[in-house]
Protein chains: 2
Amino acid sequence: MATSFAEENYLKIIYRLSESTLEDISTNAVAELTQTKAASVTDMLRKLAEKGWVNYQKYQGVRLTNEGEKIALSIVRKHRLWEVFLVDKMGFNWDEVHDIAEQLEHIESEALINKLDEFLDFPKTDPHGDPIPNKEGILPELGYLHLSELKENKACILMGVAKDSAVFLQLLTRLNLSLGAKLSVKEINPFDRSISLSINENAPVFISHEVAKNILVKLTKD
Amino acid sequence: MATSFAEENYLKIIYRLSESTLEDISTNAVAELTQTKAASVTDMLRKLAEKGWVNYQKYQGVRLTNEGEKIALSIVRKHRLWEVFLVDKMGFNWDEVHDIAEQLEHIESEALINKLDEFLDFPKTDPHGDPIPNKEGILPELGYLHLSELKENKACILMGVAKDSAVFLQLLTRLNLSLGAKLSVKEINPFDRSISLSINENAPVFISHEVAKNILVKLTKD
DNA sequence: AATATTTTTTAGCCTAGGCTAAAAATTTAT
DNA sequence: ATAAATTTTTAGCCTAGGCTAAAAAATATT
Ligand SMILES: [Mn+2]
Ligand SMILES: [Mn+2]
Ligand SMILES: [Mn+2]
Ligand SMILES: [Mn+2]
């Protein structure tokens, strides 16, 4: 069945919300991310349920069906592959590609996206470190931790970010935090949980807990 | 001002119709190419005139304003650059790219299209031989002739096609007619103006006047 | 010049996807 | 257990961009 841009955006957003919880997704949560009002969301949820892409009972919240998740994953796949294209082939920075990918993710052509995948050498992650589902919709398991979960004196490598808003990414860039950076948690300030962080062996800098929560890392054995 | 997909498609189609005539474009002609009904076209023409993109007086037909032509050319530029990308980088055949480019032409990002242009080495023509407007909206002047205009015993090179429907392109491919082919008009049948045509020095084959009309060539001095 | 045909416009309707305001259900606080 | 607050749904409205059928204008034919 054909999917409109609006439907695809709703499914993608319900998918994203489902990643971080096992509970049903609330109307308000969807409204916030789609930048629409709760009343509009209620309407759309009924339509999506009608098409068999979500399970929805009024007042009970919403969950993707298998069918709906398949569609969401195909949009995520397209979004992330286009982001790789924009950074690797077009020379954009990581903070410039999200909005363009929001448009490109709706281009409908199986053939194109699979050729693009090949052209890019079947990347496993996008420029923000997010995993790219393969043709079958399977996500590679990356097992990253949030920097905020680490204890003091742990060393790690920056593998991704949990948020790709331009302001956040530009902040990271200004701090010299890019994919692959070697990080070491020197001190955790108990007052506000801000972190004193050494980046690539340099003198430590302070980052807030909020920033640390959105940085994904892989521990290094040392 | 922002342009919707529908508006962009209308402007592009009015532009295409204007290329082959100096007269005003009729409501019906637009309806045919947009695959809509005349009543819908009348509606949209009023809106486009309102926005200053066309000159339109009821019952008098329509013409693009300078502003409207600028928009149309930017859509054409995007369409054709994406077609080059699809053929040169993604490995599609020339008969497979038009419909995908119909989608990609609406992606809105000046930065992207200019980077794409550079990535493709600033091509002058698309995979069908059609000229690609530059950043300033200037079309390269190619000066091609329609094969149907040639006299007997004239030699030429196939430089483009005037129609990019998949069936037409597949027919050409089957006849071994691709960009760059050396053609020679051996005989013009006065009955139906069909042409006996030698392709790359091979034994002549017959093509209809209708086919010849849609083949663009450049004469070779011989 | 009058009539017939074709083209274009108008009028009224429809669907998708938004919105606000009010009502209803659920959740939280007392 | 009520009452208050919050969340969600309903009802009614709007715009974009389609449609059909009927009316009006332009064009062609006799
Ligand atoms: Mn989107
Ligand atoms: Mn990303
Ligand atoms: Mn289009
Ligand atoms: Mn083309």
Side-chain angles (χ1 to χ4, degrees), chain A residues 1-15 17-18 21-64 68 71-72 75 102-103 105-106 108, chain B residues 1-15 17-18 21-64 68 71-72 75 102-103 105-106 108:
Chain A
M1 198 185 302
T3 47
S4 68
F5 283 23
E7 289 167 341
E8 291 183 352
N9 285 336
Y10 273 94
L11 292 174
K12 193 183 62 167
I13 275 161
I14 297 167
Y15 174 80
L17 290 166
S18 306
T21 174
L22 293 167
E23 323 230 320
D24 290 4
I25 307 307
S26 75
T27 300
N28 264 352
V30 175
E32 193 171 339
L33 291 198
T34 50
Q35 317 237 60
T36 61
K37 296 304 161 82
S40 309
V41 172
T42 299
D43 241 45
M44 181 58 96
L45 295 184
R46 265 201 294 94
K47 289 178 199 164
L48 295 175
E50 191 58 46
K51 298 200 177 192
W53 297 332
V54 299
N55 288 123
Y56 167 66
Q57 308 265 64
K58 49 157 100 165
Y59 295 104
Q60 300 302 121
V62 69
R63 300 199 64 79
L64 293 176
I71 298 171
I75 306 301
E102 281 294 314
Q103 300 179 60
E105 72 190 6
H106 303 293
E108 198 183 308
Chain B
M1 198 185 304
T3 47
S4 68
F5 284 22
E7 289 168 340
E8 291 184 352
N9 285 334
Y10 273 94
L11 292 173
K12 191 183 65 167
I13 275 160
I14 297 167
Y15 173 81
L17 289 165
S18 305
T21 174
L22 293 168
E23 323 229 319
D24 290 2
I25 306 307
S26 75
T27 300
N28 263 353
V30 175
E32 195 171 337
L33 290 198
T34 49
Q35 317 239 58
T36 60
K37 296 305 162 83
S40 308
V41 173
T42 299
D43 242 44
M44 182 58 97
L45 295 185
R46 264 199 295 94
K47 289 177 200 165
L48 295 176
E50 192 58 46
K51 299 200 177 192
W53 297 333
V54 300
N55 289 121
Y56 167 66
Q57 308 264 66
K58 48 159 100 165
Y59 294 104
Q60 301 301 122
V62 70
R63 302 198 64 77
L64 293 176
I71 298 170
I75 307 301
E102 282 294 315
Q103 299 180 62
E105 72 191 6
H106 302 292
E108 198 182 308

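Note on naming: letters A, B, ... go to the chains in the order of the sequence lines (proteins, then strands), and numbering restarts at 1 for each one.
In this structure, the side chains of B:Glu108 and A:Gln103 come closer than 4.5 Å at one or more pairs of heavy atoms. Put simply, the side chain of A:Thr3 does not reach to within 4.5 Å of the side chain of A:His106, judged on heavy atoms. Proximity of A:Ile25 to A:Val30: side-chain heavy atoms (C-beta onward) are separated by under 4.5 Å at one or more points. In this structure, B:Asn9 and B:Ile75 have side chains that are not in contact, with every pair of non-hydrogen atoms separated by 4.5 Å or more.
Checking A:Gln60 against B:Ala29, the closest nucleotide of DNA chain C that is more toward the 5' end is the one next to B:Ala29. Of the two residues near DNA chain C, A:Lys58 and A:Gln35, the one whose nearest nucleotide lies more 5' is A:Gln35.
Close to C:dT8, at under 4.0 Å from its OP1 or OP2, lies a side-chain N or O of B:Asn28. The phosphate of D:dG17 has neither OP1 nor OP2 within less than 4.0 Å of any side-chain N or O from B:Thr36. Between A:Ser40 and the phosphate of C:dG18, there is no side-chain N or O to OP1/OP2 separation shorter than 4.0 Å. Taking only side-chain nitrogens and oxygens, A:Tyr10 comes nearer than 4.0 Å to OP1 or OP2 of C:dG18. Residue A:Tyr56 places at least one side-chain N or O under 4.0 Å from the OP1 or OP2 atom of D:dT9. Side-chain N/O atoms of B:Thr27 include one lying less than 4.0 angstrom from OP1 or OP2 on C:dT9. For D:dT10, the OP1/OP2 oxygens have no side-chain nitrogen or oxygen of A:Thr42 closer than 4.0 Å.
In this structure, of D:dA21, C:dG17, D:dT8, it is D:dA21 that holds the atom nearest to the side chain of B:Ala39.
In terms of modelled atom types and a separation under 3.5 Å, the side chain of B:Arg63 and the main chain of B:Ile14 share no donor-acceptor contact.
Note on B:Ala38: a base of the nucleic acid sits closer than 4.0 angstrom, heavy atoms only.
If you take CD of A:Glu32 and C1' of D:dT7, they are 14 Å apart, rounded to a whole angstrom. Distance A:Lys51 NZ to C:dT15 P: 14 Å, rounded to the nearest Å. Between the C1' atom of C:dT8 and the OH atom of B:Tyr59 lies a distance of 5 Å, rounded to the nearest Å. For A:Gln57 and C:dA24, the CD to P distance is 21 Å, given to the nearest whole Å. Distance NZ (A:Lys37) to P (C:dC19): 6 Å, rounded to an integer number of Å. Atom-to-atom, CG of B:Asp24 to C1' of C:dT8 comes out at 14 Å; the value is rounded to the nearest Å. Atom pair B:Arg46:CZ and C:dT8:P shows a separation of 16 Å (rounding to whole Å applied). Regarding B:Leu45, its CG atom lies at a distance of 12 Å from the P atom of D:dG18, rounded to whole Å.
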Check step by step if side chain to side chain contact (heavy atoms under 4.5 Å, CB included) holds for B:Tyr10 and B:Val41. CA-CA 9 Å; B:Tyr10 273 94; B:Val41 173; 4.0 Å; yes
Between B:Leu64 and B:Tyr15, does a side chain to side chain contact (heavy atoms under 4.5 Å, CB included) hold up when you go through it step by step? CA-CA 7 Å; B:Leu64 293 176; B:Tyr15 173 81; 3.7 Å; yes
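One end of the helix from C:dA1-D:dT30 to C:dT30-D:dA1 points its axis 0° away from the other end's axis, with each axis taken from 5 pairs and the angle rounded to 10°.
Going from atom CG of B:Asn28 over to atom OG1 of B:Thr42 covers 9.0 Å, rounded to the nearest 0.5 Å.
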